[in-house]
Amino acid sequence: MQVFKFGGASVKDAKGVKNLASVLNKVGHKNTLIIVSAMGKTTNAIEGVIKNYFENKTELQSAIQEVKKFHNEILLGLFENVNHQAFKKVNDLFDELNGFFKSNKSPDYNFVYDQVIGFGELASTTIISEYLNSIDIKNTWLDVRNHIKTDNYYRRANVNWAETQKLISSNFNKSVLNITQGFLGSDDNNFTTTLGREGSDYTAAIYAYCLNAEQVTIWKDVPGVLNADPRYFENAQLLENISYREAIELAFYGASVIHPKTLQPLQRKEIPLYVKSFLNPESAGTQIGKNVTLKPMIPCFIVKKNQVLISLSSLDFSYIVEENISEIFTLLHRYKMKVDVIQNSAISFSVCVDNIYNNLDKLLQQLKSKFKVNSHKNVSLYTIRHYNQSAINQIEKGKTVLLKQLTQETVQIITK
């Protein structure tokens with residue numbers, strides 16, 4: 001059995017959906033599970049809907065209608081008959097979305113986010129499933145929330161592996177083409193949860209692990225895994241082979257082509273991961289697996305924008321010792337800060353964080369009661385794996401370097 005994952009860029013319009021069908025016909029879809037993300041920029045659009053729900057309810061219906069209109073345009077590009085059941089199914093989803101907003105009593109942003117954001121995936125998989133059936137690529141639509149169970153850590157839920165394994169093993173027919181949503185799960189109360197932004201890759205890995213799949217393929221708008229994000233770096237090169245370890249390192253540092261949690265379950269069962277182009281599906285792409293070395297062996301560049309560098313020092317010039325560091329990390333955990341770099345000396349401690357939950361001001365207020373605090377917002381964190389001096393010079397040119405940290409294989413540079 002194989003698992004395919006298609007991202008939002010691959011199904012951003014009717015042409016993309018038709019191309020997905022073409023990919024299936026070219027590479028085969030026997031005993032296949034398809035994981036699909038929300039279409040195009042739908043997730044961003046629904047985040048706008050959520051923002052209006054909390055901040056500007058007069059614009060809420062208008063924002064919902066824009067998302068609905070986007071999906072209806074794709075439906076019109078796929079089905080000649082406007083009475084096709086796909087139109088009703090998508091309309092029903094938006095009725096359900098409106099119903100949630102009318103009945104919700106929770107003021108918790110993270111809870112509301114997870115109940116709402118997944119309508120993008122539900123709509124995309126409904127449309128694609130109906131289209132594939134209409135062209136005789138018969139498939140079964142599945143609700144991933146009936147399979148992947150998590151805790152209630154909304155927006156970054158943790159998988160209950162035992163329960164998930166049990167549900168998938170007892171409720172999955174491997175012999176047919178199945179299609180389901182990426183990114184989503186559900187908690188013990190059957191409220192929707194999400195696995196973190198870009199979590200659809202992780203969904204593919206979860207299913208692959210539980211189903212003992214032969215391989216996973218992630219279909220992207222790039223030829224495979226590149227040594228740099230072409231949006232930020234010129235002359236990015238294709239990496240033909242990557243070991244699990246190297247890919248985990250790249251994911252840990254923020255390589256956007258692979259979700260950080262995707263690789264661990266695949267590695268445990270030695271399931272190979274392929275990253276290929278949906279525009280050229282028969283090309284080799286990148287293979288990630290066991291006992292393979294990085295090919296070609298070149299510097300790999302990763303950049304994370306909009307980070308925050310926090311520099312701390314003791315108020316009385318005393319040493320920053322274990323007790324202080326423990327207190328700092330307790331606060332970072334309390335305010336849900338994603339830590340990317342740490343560096344300390346005798347009387348100072350610096351940390352680069354991702355302010356995902358917008359708790360920075362609360363954190364700084366707490367830190368200022370114990371430390372002298374200096375913070376730099378909107379900094380960029382560059383990571384270079386297998387660096388050389390030329391690669392470092394390329395990053396530092398024309399920038400103010402706030403912090404640099406080197407190990408044998410990796411250099412991290414924080415710049416303004």
Side-chain angles (χ1 to χ4, degrees), residues 197-198 220-260 262-263 275 277 284-288 292-313 320 337-356 360 373-416:
R197 197 71 190 269
E198 308 299 334
K220 308 283 283 188
D221 55 356
V222 291
V225 179
L226 305 178
N227 76 320
D229 189 329
R231 293 175 298 176
Y232 304 117
F233 299 91
E234 295 180 356
N235 304 316
Q237 293 180 244
L238 176 68
L239 302 173
E240 299 172 27
N241 294 321
I242 311 175
S243 68
Y244 287 123
R245 178 184 179 278
E246 183 64 36
I248 288 171
E249 291 278 1
L250 292 172
F252 172 79
Y253 288 116
S256 60
V257 76
I258 305 169
H259 189 277
T262 299
L263 295 157
V275 181
S277 168
T286 300
Q287 178 185 356
I288 301 170
V292 295
T293 57
L294 184 65
K295 178 184 178 183
M297 182 60 73
I298 54 176
C300 297
F301 300 86
I302 302 159
V303 61
K304 297 181 78 171
K305 303 280 190 178
N306 301 316
Q307 305 294 290
V308 182
L309 177 63
I310 304 172
S311 299
L312 310 173
S313 58
I320 300 287
M337 292 291 173
K338 170 84 167 52
V339 176
D340 292 312
V341 179
I342 60 173
Q343 189 174 90
N344 68 289
S345 66
I347 60 172
S348 68
F349 184 93
S350 295
V351 59
C352 185
V353 299
D354 196 346
N355 183 28
I356 298 172
L360 180 64
V373 180
N374 188 22
S375 64
H376 296 273
K377 299 178 182 179
N378 298 317
V379 301
S380 295
L381 168 61
Y382 292 90
T383 302
I384 313 173
R385 290 278 295 167
H386 312 292
Y387 63 90
N388 53 38
Q389 191 57 48
S390 175
I392 293 175
N393 293 343
Q394 178 183 337
I395 294 301
E396 293 183 347
K397 184 178 180 180
K399 302 182 183 73
T400 300
V401 176
L402 300 174
L403 184 148
K404 183 193 292 188
Q405 189 171 93
L406 292 88
T407 63
Q408 186 174 353
E409 292 183 317
T410 307
V411 60
Q412 293 190 282
I413 304 168
I414 298 173
T415 71
K416 289 175 66 175

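None of the values given here were measured: they were computed from a predicted structure.
In plain terms, the two heavy atoms of S348 and I320 that are nearest each other are N-CG1, 3.6 Å. Smallest separation of non-hydrogen atoms from L403 and S350: CD1-CB, 3.8 Å. Considering every non-hydrogen atom in both I302 and G254, the closest pair reads CG2-C, 3.5 Å. Between P296 and L238, the shortest heavy-atom contact is CD-O, 3.5 Å. For the pair V225 and V275, the tightest heavy-atom approach, listed with the atom from each and the gap, is CG2-CG2, 3.7 Å. K399 and Q394 make their closest contact through NZ-O, 4.3 Å (heavy atoms, listed as atom of the first residue, atom of the second, distance).
Looking only at side-chain heavy atoms (C-beta outward), S313 and I347 stay at 4.5 Å or farther from each other. For the pair K377/L360, a side-chain contact is recorded, criterion being any heavy-atom separation below 4.5 Å from C-beta on. Proximity of I298 to Q237: side-chain heavy atoms (C-beta onward) are separated by under 4.5 Å at one or more points. Between I414 and V401 the shortest side-chain heavy-atom distance does not fall below 4.5 Å. Residues I288 and I258 have side chains in contact (heavy-atom distance under 4.5 Å, counting atoms from C-beta outward). Between Q307 and D354 there is a side-chain heavy-atom pair separated by less than 4.5 Å. Looking only at side-chain heavy atoms (C-beta outward), V411 and I392 come within less than 4.5 Å of each other. In this structure the side chain of V303 reaches within 4.5 angstrom of the side chain of F233, judged on heavy atoms.
One distance of note links CG of L226 with NZ of K220; it measures 10.0 Å at 0.5 Å rounding. Here the CD atom belonging to Q412 is positioned 10.5 Å from the CD1 atom belonging to I342, to the nearest 0.5 angstrom. Within the model, atoms CG of L309 and CG of L402 stand 6.0 Å from one another, a figure rounded to the nearest 0.5 Å. In this structure, Y253 OH and D340 CG are separated by 10.5 Å, a value rounded to the nearest 0.5 Å. The distance from atom CD1 of I242 to atom CD of Q287, rounded to the nearest 0.5 Å, is 10.0 Å. The SG atom of C352 lies 11.0 Å from the NE2 atom of H376; values are rounded to the nearest 0.5 Å.
The backbone N or O of K404 lies less than 3.5 Å from a partner atom in the side chain of Q343, making a donor-acceptor pair. Side-chain atoms of N241 do not come within 3.5 Å of backbone N or O of K295 as any donor-acceptor pair. N306 places no side-chain N or O within 3.5 Å of a backbone atom of N378 that could act as its donor or acceptor partner.
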- Task: Please lay out, stage by stage, how V308 and V379 fare under the test side chain to side chain contact (heavy atoms under 4.5 Å, CB included).
- Result: CA-CA 6 Å; V308 182; V379 301; 5.8 Å; no
- Task: Please assess H386 against E246 for the test side chain to side chain donor-acceptor pair (under 3.5 Å), listing each intermediate value before the final yes or no.
- Result: CA-CA 10 Å; H386 312 292; E246 183 64 36; 3.0 Å; yes
- Query: Passes side chain to side chain contact (heavy atoms under 4.5 Å, CB included), L239 versus C300? Steps please.
  - Reply: CA-CA 9 Å; L239 302 173; C300 297; 3.9 Å; yes
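The pair K416-E396 fails the salt-bridge criterion, with no side-chain N (NZ, NE, NH1 or NH2) lying under 4.0 Å from an Asp/Glu carboxylate O.
Partners of Y232 under the ring pair (Phe, Tyr, Trp, His ring centres under 6.0 Å) rule, at least two apart in sequence or in another chain, do not exist in this structure.
Within 6.0 Å of CD on E234 lie no more than 12 heavy atoms contributed by other residues, nucleotides or ligands.
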